[in-house]
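Have a look at the structure below, then the notes.
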Amino acid sequence: MAAAADSSGDGGTSSGEKTIVLVSSDNSARFEVREAAALLSQTVRRMIDEAGADASGDGITLPDVDAKTLAKVLEYCNKHAPASSSSSAAEAAPPAEGEEDLERFDREFVRVDMGTLYSLVTAASYLKIEGLLNLTCQTIADMIKGKTPEQIRKTLGITSEFTPEEEDEVRRENAWAF
Amino acid sequence: MSKGARNTRQFLAASSSGAGGSGSSSASYGSGGIGAAARTNDVNTGILDENVLALVFRSLDFDPKMLCTVCCVSRRLRAVAERVLWRELCVSRAPRMVASLTATGAGAGGAPPAPGRVVGGWPALAKLLLFCCGAAAAAVRGHFTGVSRFSKTSGRSFLSRRCRGDLLYVSDPCEHAVPGADDDVGAYRGVFRGFTRSRTRACLVGRQAPLETRVRCPYCGARVWRMVAAGMAPRSAWRRLGAYEGRLEYYVCVSGHLHGNCWLARLTSSDGDSEDDDDDDASTEGGSDGGLVAP
């Protein structure tokens, strides 16, 4: 069982802060995280609201996020979570870490293989974590900027599915912007 | 009038007419399918998820070169571009004009386009916003424009009297020097709102105006009517452009895209500028009402 990547050690109960348990899709991993970190996800926020007061008893299962991805996502959330954990202020309050430190973290964070990057994008989209979604999309944008179609296919691992005739046609149709 | 492509602009390799139709958007691609919402299977997630792609391209400011490139990457990406990305480019460059073109007004009959759709498709509209198709007859080739201003007031001057209820945007003419000629050729383009329900189309059909055999819409590849031949080009049109009397030609395609050219009278001052255009104009500029487009 993986434990939460929580820098304060044993899951936050020692500081008296409220924690939330998030469970991966295959039920293989449970993560206990600070509420402030978990609430960076609008989806989690909504699930808690809908479930009411006793939600965190069993943990919240996230059907679309596997264990590996969830661990990575929570690494981001823990880093970017605001210092204060009061739920209404969680979004507006500044993160506990400094700006530069966060930028460095973000740069390192997205140095992963394409498969992981895609999983992160999908998870960030499903979990509605704005900062993570923007970060991953910007990373992908930077990867494809200025590239040719072949280079983009290679970078993103996409097959074209075009027949040679279709390929010619689509290139002709789209030559106008150059 | 716009300053346009007098001498410094290079004429690019893109053809100025007869572009292949962009209309294959209703084909189904691979196992993804166009109508499918983002599902949790692998095909439409990650980079192929249209919401993700929209965000990625928003980071790129919907750069048209990048969009044209990504259309060539795969069928799925082309499909998403046709449905979402080109639309977002149009909205970002000309928000008021797009809002006006897609507004579901009181139609004379027939269903208005569903929200999120435009007659003729988004790729064609994007190209129309950003690409001057030149003038084949004067051997002026099409080119990517840096700056375009579209005006409803200009459009109005292209509508014959009984069709003045239609809404038409027309661009300023893009000026081109022609070797061996004293005068410049002006190339312009435009688009109707809801052309299929317009008076203009009803008139064309009513007169049984024939469709052209040799000219096609440079934006969507559809067939066109020649408006001068159909007797539907009012004199206000060449006056508005500052063109020589009678020396203009323009075509309207079945989707409602307009393209045309004229010989510009260099010596006259701009006749059309005396009208107050400001309220009617929609300029293709990112995010705001005034000003001119960023390519």
Side-chain angles (χ1 to χ4, degrees), chain A residues 25 62-66 69 113-126 128 130-163 165-178, chain B residues 12-16 18-22 24 27 29-32 38 40 42 44-49 51-61 63-78 81 89 123-124 126-127 130-133 142-144 218-221 295:
Chain A
S25 58
L62 302 170
D64 283 345
V65 191
D66 64 53
T69 308
D113 61 78
M114 281 316 294
T116 307
L117 191 56
Y118 287 165
S119 301
L120 284 172
V121 154
T122 307
S125 176
Y126 164 69
K128 296 197 187 357
E130 190 183 328
L132 182 58
L133 194 52
N134 287 340
L135 173 63
T136 46
C137 286
Q138 182 69 60
T139 303
I140 295 174
D142 292 338
M143 281 175 172
I144 66 176
K145 199 169 186 166
K147 292 206 157 112
T148 66
E150 298 85 15
Q151 289 168 336
I152 294 177
R153 272 180 219 138
K154 208 155 166 228
T155 303
L156 300 182
I158 295 178
T159 54
S160 97
E161 303 160 304
F162 287 130
T163 66
E165 295 78 27
E166 280 176 323
E167 178 123 22
D168 281 342
E169 191 200 334
V170 78
R171 276 172 195 266
R172 266 200 312 272
E173 273 177 23
N174 289 285
W176 61 268
F178 293 93
Chain B
L12 301 165
S15 63
S16 60
S22 66
S24 51
Y29 296 101
S31 52
T40 52
D42 288 341
N44 291 345
T45 55
I47 188 58
L48 301 178
D49 180 307
N51 297 312
V52 167
L53 282 165
L55 279 169
V56 169
F57 275 84
R58 192 171 293 280
S59 312
L60 295 169
D61 194 31
D63 172 50
K65 289 186 175 60
M66 281 310 303
L67 273 175
C68 282
T69 302
V70 90
C71 283
C72 300
V73 171
S74 79
R75 279 185 183 168
R76 166 66 181 168
L77 290 188
R78 175 161 81 152
L89 179 154
K127 185 177 175 184
L130 298 169
F131 186 79
C132 164
C133 57
H143 62 100
F144 187 75
Y219 299 108
C220 69

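Sequence lines set the chain letters: A, B, ... in the order given, protein chains first and strands last, and positions in each chain run from 1.
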Are side-chain heavy atoms of [X] and [Y] found at a separation under 4.5 Å?
X: Thr69(B); Y: Arg171(A); answer: no
X: Trp176(A); Y: Leu130(B); answer: yes
X: Asp49(B); Y: Tyr126(A); answer: no
X: Thr122(A); Y: Val52(B); answer: no
X: Ile144(A); Y: Val73(B); answer: no

Tell me whether Arg78(B) is salt-bridged to Glu173(A), with the criterion being a basic N under 4.0 Å from an acidic carboxylate O.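 The answer is yes: the pair qualifies as a salt bridge.
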Atom [atom1] of [X] and atom [atom2] of [Y]: how far apart are they, to the nearest 0.5 Å?
X: Cys72(B); Y: Glu166(A); atom1: SG; atom2: CD; answer: 12.0 Å
X: Ile140(A); Y: Phe57(B); atom1: CD1; atom2: CZ; answer: 10.5 Å
X: Leu48(B); Y: Ile158(A); atom1: CG; atom2: CD1; answer: 5.0 Å
X: Leu77(B); Y: Leu156(A); atom1: CG; atom2: CG; answer: 8.0 Å

How about NZ on Lys147(A), more than 12 heavy atoms from neighbouring residues, nucleotides or ligands closer than 6.0 Å, or not?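 Count over threshold, so yes.
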Is it the side chain or the backbone of Thr148(A) that comes within 4.5 Å of chain B heavy atoms, both, or neither?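 Only the backbone of Thr148(A) comes within 4.5 Å of chain B.
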Closest approach of [X] and [Y], non-hydrogen atoms and distance?
X: Ser59(B); Y: Ala141(A); value: CB-CB, 3.8 Å
X: Ala177(A); Y: Phe144(B); value: CA-CD1, 3.7 Å
X: Glu161(A); Y: Ser74(B); value: OE1-CB, 4.1 Å

Could you pull out all residues at least two apart from Asp66(A) that satisfy side chain to side chain donor-acceptor pair (under 3.5 Å)?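 Once residues adjacent in sequence are excluded, the partners of Asp66(A) under the side chain to side chain donor-acceptor pair (under 3.5 Å) criterion are Thr69(A).
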Leu53(B) portion near chain A, given a 4.5 angstrom heavy-atom threshold: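 Neither part.
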Can you list every pair that meets side-chain hydrogen bond (donor to acceptor under 3.5 Å, both in side chains) and has a residue in residues 131-141 of chain A, with sequence neighbours left out?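 Matches after skipping sequence neighbours: Gln138(A)-Asp142(A).
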Backbone N/O of Phe162(A) and side chain of Arg75(B): donor-acceptor pair under 3.5 Å: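 Pair absent, no side-chain N/O of Arg75(B) close to backbone of Phe162(A).
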Check against side chain to side chain contact (heavy atoms under 4.5 Å, CB included), Val56(B) and Met143(A): CA-CA 10 Å; Val56(B) 169; Met143(A) 281 175 172; over 6 Å; no
